[in-house]
2 protein chains.
Amino acid sequence: MSLRHAMLGLLADKPASGYDLMKLFETSLANVWPANQSQVYGELARLAGSGLVEVSAEGPRGRKEYALTDQGLTELRHWLTEVEPARNRRSDAVLRVFFLGVLTPVEAAAYLAREEARAAQQLATLKGLEASIDWDDDPLSVNGRLALEFGLRFSAMYGEWARWATEQIQPGAPAPETGS
Amino acid sequence: MSLRHAMLGLLADKPASGYDLMKLFETSLANVWPANQSQVYGELARLAGSGLVEVSAEGPRGRKEYALTDQGLTELRHWLTEVEPARNRRSDAVLRVFFLGVLTPVEAAAYLAREEARAAQQLATLKGLEASIDWDDDPLSVNGRLALEFGLRFSAMYGEWARWATEQIQPGAPAPETGS
DNA sequence: GTTGACATGTAATTGGTTACATGATTAG
DNA sequence: CTAATCATGTAACCAATTACATGTCAAC
């Protein structure tokens with residue numbers, strides 16, 4: 001149940017409404033744990049029901065601002081220190097590699113070349129993100145940088161692997177152009 | 001719907017029963033697309049219903065062996081060449097990094113050190129796998145090696161990142177021991 | 001006054017996990 | 001004869017996605 005803890009984690013920084021949390025998911029957690037509007041509102045209600053968060057203020061348009069309770073902070077710390085992270089092992093893109101044998105070598109190489117291009121594109125996007133964010137020194141921002149670095153390293157690794165794999169299935173063939 | 005295509009992919013190599021597929025998921029696809037018994041039998045029935053696979057033989061204990069149909073192969077090839085892979089972006093372990101600010105620096109460093117150790121352990125497991133498998137030259141085996149290489153590179157990258165991140169949050173501290 | 005952002009909620013569906021339930025065949 | 005493996009299925013539940021539904025407030 002990472003969604004629940006992601007929300008507690010965001011609220012640990014400062015109180016927020018469901019709408020605020022939604023925006024935070026979009027802008028900072030999108031690459032590690034996407035969540036949508038339905039999920040956020042639903043979980044927020046459940047969290048309030050179990051006393052991990054509470055309504056700390058009400059505003060215009062029915063806005064309800066939630067704050068982490070002591071119990072919520074305890075639960076968050078417990079999760080971070082005692083609960084073994086779930087290993088999210090699924091990867092559609094790597095799964096496909098197992099089955100490249102049903103394609104012609106040219107088609108298989110094209111698949112890997114597209115993945116390499118995708119990785120390069122993702123790397124560029126993340127570098128853009130890194131440059132555009134105003135990295136202040138609140139904890140979420142500091143640690144967000146660590147997570148972003150993971151994304152940068154992952155994209156680089158993935159691109160290199162895809163290039164290597166292309167070479168493996170087309171021994172001796174010249175490396176294909178990766179631009180458009 | 002990667003499960004469906006993973007099953008078609010396995011059946012493209014050779015006909016198999018639900019039980020066989022289950023074992024194949026455990027032994028070869030577990031690290032990229034785990035699936036359990038309920039899922040396999042349910043999907044197999046649906047696949048047969050839509051004509052992508054068919055019962056090719058029956059055996060003892062109610063065993064039903066399924067084979068890929070022409071339609072199934074077409075669908076598999078379509079998926080591999082035309083359908084953009086889903087990007088599976090969720091990572092519980094990296095999500096947690098955003099929230100390390102609620103822990104003491106020592107606790108946060110301990111989290112990252114445990115992740116580094118986990119990566120090292122995973123790397124060792126995969127190297128063991130690589131050594132133990134008899135890599136014949138059927139397509140599933142050849143391409144399985146490419147996927148395994150991805151796992152090796154991922155584990156190495158993840159361990160290095162975790163070590164780097166530990167250093168970031170404890171500037172100047174000596175690198176912790178990672179062995180047992 | 002109308003458009004866009006703010007703001008909250010519910011319903012239906014899909015995909016995955018866990019647990020339940022049963023039985024046949026083979027090897028020792 | 002008995003334990004392990006082979007073999008198939010169903011039911012309940014949980015998490016996530018998509019779509020539906022509604023209404024307020026501020027800026028132009």
Side-chain angles (χ1 to χ4, degrees), chain A residues 1-8 10-11 15-27 29-50 53 55-66 79 83-92 95, chain B residues 1-8 10 15-27 29-50 53-66 79 83-92 95:
Chain A
M1 270 182 318
S2 301
L3 171 68
R4 142 164 294 179
H5 295 100
M7 289 174 62
L8 295 177
L10 292 174
L11 290 174
S17 67
Y19 192 84
D20 294 340
L21 290 175
M22 233 179 72
K23 293 288 157 189
L24 287 168
F25 271 98
E26 274 169 30
T27 55
L29 303 187
N31 292 299
V32 290
W33 206 273
N36 62 33
Q37 181 261 19
S38 297
Q39 247 178 312
V40 167
Y41 284 108
E43 191 59 41
L44 210 37
R46 252 169 280 138
L47 244 20
S50 52
V53 305
V55 175
S56 57
E58 308 214 11
R61 284 168 282 203
R63 174 190 172 90
K64 281 179 285 183
E65 196 175 75
Y66 291 84
W79 176 71
V83 183
E84 174 70 4
R87 305 292 154 184
N88 304 91
R89 299 128 84 190
R90 285 189 171 85
S91 169
D92 185 347
L95 170 65
Chain B
M1 273 182 315
S2 300
L3 171 68
R4 140 164 294 176
H5 295 99
M7 290 174 60
L8 296 177
L10 291 173
S17 67
Y19 192 84
D20 294 339
L21 290 174
M22 232 179 72
K23 295 288 158 189
L24 287 169
F25 271 98
E26 274 168 30
T27 55
L29 303 187
N31 292 299
V32 291
W33 205 273
N36 61 34
Q37 182 260 19
S38 299
Q39 246 178 312
V40 167
Y41 285 108
E43 192 60 41
L44 209 38
R46 252 168 280 138
L47 244 21
S50 52
V53 305
E54 65 190 6
V55 176
S56 58
E58 308 214 9
R61 285 168 282 206
R63 175 189 171 92
K64 282 179 282 182
E65 196 174 75
Y66 292 85
W79 176 69
V83 182
E84 173 69 6
R87 304 294 155 186
N88 303 90
R89 298 130 82 192
R90 286 191 170 85
S91 168
D92 186 346
L95 170 65

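The figures here come from the full heavy-atom set of this structure, side chains too, leaving out hydrogens, waters and symmetry mates. In what follows, every chain begins at residue 1, and chains take the letters A, B, ... in the order their sequences are listed.
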**Item:** Between dA16(D) (P) and Asp92(B) (CG): distance, integer Å
**Value:** 11 Å
Protein N or O to nucleotides 21-28 of chain C N or O, pairs below 3.5 Å:
none

**Fill in**
Result for side-chain hydrogen bond (donor to acceptor under 3.5 Å, both in side chains) between Ser17(B) and one of Arg63(B), Lys64(B), Glu58(B), Arg61(B) points to Arg63(B)
**Asked** Counting only side-chain N and O atoms of Tyr41(B), is one of them less than 4.0 Å from OP1 or OP2 of dT8(D)?
**Response** yes
**Asked** Rounded to the nearest Å, what distance is computed from the CG atom of residue Leu47(B) to the P atom of nucleotide dG15(C)?
**Response** 12 Å
**Request:** Quickly work out the Met1(A) CE to dT18(C) P distance and round it to whole Å.
**Result:** 13 Å
**Message:** For a quick check, tell me whether the side chain of Ser38(B) and the base of dA19(C) share a donor-acceptor pair closer than 3.5 Å.
**Reply:** yes
**Asked** Could you give the distance from CG (Leu10(B)) to CG (Leu29(B)), rounded to the nearest 0.5 Å?
**Response** 5.0 Å
**Asked** Does Arg4(B) place a side-chain N or O at less than 4.0 Å from the phosphate oxygens OP1/OP2 of dT14(C)?
**Response** no
**Prompt:** Hey, is the side chain of Lys64(A) poking within less than 4.0 Å of OP1 or OP2 on dG9(C), counting only N and O atoms?
**Reply:** yes
**Message:** Without decimals, in angstroms, what is the distance between Glu58(A) CD and dT24(D) P?
**Reply:** 16 Å
**Message:** Keeping Ser56(A) on the side-chain end and Glu65(A) on the backbone end, is there a donor-acceptor pair under 3.5 Å?
**Reply:** yes
**Request:** With the side chain of Arg63(B) defined as its heavy atoms from C-beta on, choose the nearest nucleotide among dG16(C), dT8(D), dT17(D).
**Result:** dT8(D)
**Prompt:** Does a side-chain heavy-atom distance below 4.5 Å link Pro34(A) with Arg89(B)?
**Reply:** yes
**Message:** Just verifying a value: how many Å separate Trp79(A) CH2 and Arg4(A) CZ, rounded to the nearest 0.5 Å?
**Reply:** 12.0 Å
**Message:** So if I take every side-chain heavy atom of Trp33(A) and compare against dT17(C), dA16(D), dA7(C), which nucleotide ends up nearest?
**Reply:** dA16(D)
**Prompt:** Can you check whether Arg89(B) has a side-chain N or O nearer than 4.0 Å to OP1 or OP2 of dA16(D)?
**Reply:** no
**Asked** Can you check the Leu24(B) CG to dA7(D) P distance for me, whole Å?
**Response** 12 Å
**Item:** side chain to side chain contact (heavy atoms under 4.5 Å, CB included) evaluation trace for Leu8(B) with His5(B)
**Value:** CA-CA 5 Å; Leu8(B) 296 177; His5(B) 295 99; 4.0 Å; yes
**Message:** If you assign Gln39(A) and Gly18(B) each to the DNA chain D nucleotide with the nearest heavy atom, which residue ends up on the more 5' nucleotide?
**Reply:** Gly18(B)
**Request:** Check the distance between dA19(C)'s P and Asn36(B)'s CG and give it to me in whole angstrom.
**Result:** 11 Å
**Message:** Can you measure Glu26(B) atom CD to dT5(D) atom P for me and round it to whole angstrom units?
**Reply:** 12 Å
**Item:** Tyr19(A) side chain near dC6(C) phosphate (N/O to OP1/OP2, under 4.0 Å)
**Value:** yes
**Asked** How would you label the contact of Met22(A) with the nucleic acid (heavy atoms, under 4.0 Å): base, sugar-phosphate, or nothing?
**Response** nothing
**Request:** Please work out if Arg46(A) contacts a base, only the sugar-phosphate, or nothing of the nucleic acid, heavy-atom cut-off 4.0 Å.
**Result:** nothing
**Asked** Is there a side-chain contact between Asn88(B) and Asn88(A) (heavy atoms, below 4.5 Å)?
**Response** no
**Request:** Report the distance from atom CG of Leu95(B) to atom P of dA15(D), rounded to the nearest whole Å.
**Result:** 15 Å
**Request:** By nearest nucleotide on DNA chain D, pick out whichever of Ala45(B) and Ser2(A) is the more 5' one.
**Result:** Ala45(B)
**Message:** List the residues meeting salt bridge (Lys or Arg N to Asp or Glu O under 4.0 Å) with Arg46(A), not counting sequence neighbours, and say none if there are none.
**Reply:** Glu43(A)
